[in-house]
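Note that the coordinates shown come from a computational prediction; the quantities given were computed from them, not determined experimentally. Quick note: numbers below take in every heavy atom, side chains included, and nothing from hydrogens, waters or symmetry partners.
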Amino acid sequence: MFDTLSDRLAATFKNLRGKGRLSEADIDATAREIRIALLEADVALPVVRAFIKQIKERATGAEVSQALNPAQQVIKIVNEELVGILGGETRRLRFAKQPPTVIMLAGLQGAGKTTLAGKLGLWLKGQGHAPLLVACDLQRPNAVNQLAVVAERAGVAVYAPEPGNGVGDPVKVAKDSIEHARAKQYDVVIVDTAGRLGIDQELMQQAADIRDAVSPDEVLFVVDAMIGQDAVNTAEAFRDGVGFDGVVLSKLDGDARGGAALSIAHVTGRQIMFASNGEKLDDFDAFHPDRMASRILGMGDMLSLIEKAEQTFSQEEAAKMASKLASSKGKDFTLDDFLAQMEQVRKMGSISKLLGMLPGMGQIKDQINNIDERDVDRTAAIIKSMTPAERQDPTIINGSRRARVAKGSGVEVSAVKSLVERFFEARKMMSRMAQGGGMPGMPGMPGMGGGPGRQKKQIKQAKGKRKSGNPMKRRAEEQAAAARREQAAQGGAFGLPAGEQGKDFELPDEFKKFMG
C-alpha cells in the first residue's frame, strides 16, 4: 500500500547522500519533495502541513547542522515524525477488571467489520482469552450467517439468537450477550454492529443505543484503508456522533495509496490499534507505529518478523535442528527435516510478505511480488513423492528413481535433480554456519563456534601474506585489492546490489536485545 510513498521518499533521501553540509535550499527542496510524496499518497492536507512544519523546524536547527552525517539525521527526523503522526507508542487493549471485557466494532458497511470480528477473536484466542462474537448486525442480508461461518473458521463461540435479515432488536441482543458470556465464562465479548453506505442519523442512533446498553470497555472504529480522504471524514463523524477509543485498519494489503493510515490518528486524536493485511483470518496483528514508519522508509520490520518466527518455531525444535546440522557435517539433516522447516516457514505467512519485512527489500519489490508461492508446494510434492529411504539419504536417488519421483509429483525430471542438488548445497552452507564457519567469506558467528581461535588463525593467515618486491607487480596487486574493496562496498545483503534504503538505519533499542 505504501510503495509509492516509499519510492518517493527513497529518491528524496538519495539526493542528500554524500553532502557534508545541508544548505537552506537543500532543506527546502527536501521538504518540498516530501510534501509532494505525502499529497500523492492521499494524506490529509492538515496532516501534511503539520508534518512538513515539524521537519523544517528540526532540520534547520542545530540537530542537523552540527551532525556528522546530515542526511542520516534528516532521515532520523522524518522517521520520528512519521511515528508521531501514526500515533506514537503502540496502544494496547484495555481489559475489564471484572470479565467480560466488551469490545464494540463500529463503521460503515463494507469496511470489513464482520470478518474483522473473526480475526480479532482468533487473535485474542491466541493470547489465551475465550472470546464470544455477538451478531448485532440484523439488517444486512446474511450478516448473521456470515458471522457464524467466520466464528467457526476461527474456532471461537458466537451468540446469534436472532436470524437477522431485518428481524430482531440489536440492542436487546447486545444486552443479553453480556449475561450469556458471564454464564458461559467467556472473558471477551466482541459486538459486531450494523453499518450503512454513508453516515446517517439512524446509524448513529443505533450505534449509540448499543453502546449505552453494553457500556463497552473499547469502541473500535473499523475503517477501510483504501477509501482515501473519505476515511478521515467518516472517522470524524463517528467520533463526534458515537465516540470511539481506537481505530482498526482493514484491507491494508490493497493497492491504494494509504494516506488514510497516515492521517486518521493525527486528525481524530485516536490511535490505530490493529491492522488487517490480508484475506486469511491470521492476517491480522497489533499496529505498531514505529514498525510501520520503518517499513515506509524501506528499513524493514525485523521485530515483527522475529515475533512471527517465535510464534511458529519452538525452541526445542530449533535446538534439535541445530544439533543435526552441527553433527557429521550436517548429514543428519534429511529431506524430511527440510520439508518440516519449509512447512513451518509457510505457517508464518506469505513468502513475499516475509521478505518484505527485511531491510532494503524495497529496492527489489517487483521481484518479491513476482515470487510464485506455488513453488513451495511443488517442492513439497517432490519430497513427498520420495520413499522414506530416499528422503533419509538422497544420494541413492539415481536416474530411474528421479523419473519415478518426477512422475509421482507431476514435474520434469530436471526439477527433481535440481532440488536434490540445491538441498545438498543448502545443507552444506547451513552446517557451516551451525559449526561456526559462518557464511562464505564471513567469520564465525558469536556463540556458534568458530570464535576467537578461528578468527586469530584467519588474522595470522592474513598477516602471512607478503607484498611483492617487484614494484610493477606490487602496484598491480594493490589495484586488484582496491577493486575488490570497491566491489564489496557495492554488494548488499544476500548478494544483492546494495541500495540506498536502510543504509543508515539504526536498530531500535528493543531489537538490540536479540543481537546478544
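The shortest side-chain heavy-atom distance between Phe287 and Val247 does not fall under the 4.5 Å cut-off. Using a 4.5 Å cut-off on side-chain heavy atoms (C-beta onward), Leu249 and Val223 make contact.
From Asp283, atom CG reaches atom OG of Ser250 across 13.0 Å, with rounding to the nearest 0.5 Å. Put simply, OH on Tyr186 and CG on Leu132 are 6.0 Å apart, with the number rounded to the nearest 0.5 Å. Taken from CG in Leu122 to CG in Leu281, the straight-line distance is 6.0 Å, to the nearest 0.5 Å. Atom-to-atom distance recorded for Ile27:CD1 and Lys56:NZ is 8.5 Å, nearest 0.5 angstrom. In this structure, OG1 in Thr193 is found 7.0 Å from CG in Asp137, a value given to the nearest 0.5 Å. Leu147 CG to Tyr159 OH: the interatomic distance, rounded to the nearest 0.5 Å, is 13.5 Å.
Considering every non-hydrogen atom in both Val189 and Ala181, the closest pair reads CG2-CB, 3.5 Å. Closest heavy-atom contact between Gly168 and Leu138: C-CD1, 3.5 Å. Between Ser263 and Ala44, the shortest heavy-atom contact is OG-N, 2.9 Å. When all heavy atoms are compared, the tightest approach of Glu162 to Val167 is CB-O, 4.0 Å. Considering every non-hydrogen atom in both Pro131 and His129, the closest pair reads CD-O, 3.3 Å. In terms of heavy-atom proximity, Ile264 sits nearest to Ala235 at CD1-CB, 3.7 Å.
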Side-chain polar contacts of residues 205-216 - donor-acceptor pairs under 3.5 angstrom, sequence neighbours left out - could you list them?
unit_1 : atom_1 : unit_2 : atom_2 : d
Gln205 : NE2    : Asp209 : OD1    : 3.0
Arg211 : NH1    : Val242 : O      : 2.3

Exercise answer: donor-acceptor pairs, residues 170-179 side-chain atoms, under 3.5 Å, sequence neighbours excluded:
unit_1 : atom_1 : unit_2 : atom_2 : d
Lys172 : NZ     : Asp176 : OD2    : 2.8
Ser177 : OG     : Ala174 : O      : 2.6
Glu179 : OE2    : Arg182 : NH1    : 3.0

Which side-chain N or O atoms in residues 101-118 pair as donor and acceptor under 3.5 Å with protein atoms at least two apart or in another chain?
unit_1 : atom_1 : unit_2 : atom_2 : d
Thr101 : OG1    : Ala96  : N      : 2.8
Lys113 : NZ     : Gly107 : O      : 3.2
Lys113 : NZ     : Leu108 : O      : 3.2
Thr114 : OG1    : Arg140 : NH2    : 3.0
Thr114 : OG1    : Asp192 : OD2    : 2.9

Could you list the donor-acceptor pairs under 3.5 angstrom formed by side chains in residues 29-36, with sequence neighbours left out?
unit_1 : atom_1 : unit_2 : atom_2 : d
Thr30  : OG1    : Asp26  : O      : 2.8
Glu33  : OE1    : Arg8   : NH2    : 3.2

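Arg91 pairs by the salt bridge (charged side-chain N to carboxylate O under 4.0 Å, His left out) definition with Glu218, not counting sequence neighbours.
Sequence neighbours left out, not one pair with a member in residues 98-110 passes salt bridge (charged side-chain N to carboxylate O under 4.0 Å, His left out).
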- Message: Under the criterion side-chain contact (heavy atoms from CB on, under 4.5 Å), I'd like the reasoning laid out for Arg49 against Lys53: C-alpha separation, chi angles, the key distance, then a yes or no.
- Response: CA-CA 6 Å; Arg49 285 174 175 163; Lys53 182 183 176 184; over 6 Å; no
- Task: Check the pair Ile190, Leu124 against side-chain contact (heavy atoms from CB on, under 4.5 Å), reporting the backbone distance first and the verdict last.
- Result: CA-CA 10 Å; Ile190 302 171; Leu124 286 166; 3.9 Å; yes
- Query: For Phe95 and Asp217, what are the C-alpha separation, side-chain angles and deciding distance, and is it a side-chain contact (heavy atoms from CB on, under 4.5 Å)?
  - Reply: CA-CA 7 Å; Phe95 291 96; Asp217 300 281; over 6 Å; no
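Summarising the local packing, CD of Glu236 is surrounded by more than 12 heavy atoms from other residues, nucleotides or ligands at distances under 6.0 Å.
Judged by distance alone, with hydrogens and angles left aside, the side-chain atoms of Lys125 form a donor-acceptor pair with the main-chain N or O of Gly155 at under 3.5 Å. In this structure, Gln271 contributes its side chain and Glu89 its backbone to a donor-acceptor pair below 3.5 Å. Of the possible polar contacts, one joining the Asp245 side chain to the Val219 backbone as a donor-acceptor pair under 3.5 Å is found.
Ring planes of Phe274 and Trp123: perpendicular class, angle over 60° (limits at 30 and 60°).
Two rings, from Phe244 and Phe238, have their centers 6.0 Å or more apart. Residues His266 and Phe51 place their aromatic rings such that the two centres sit no closer than 6.0 Å.
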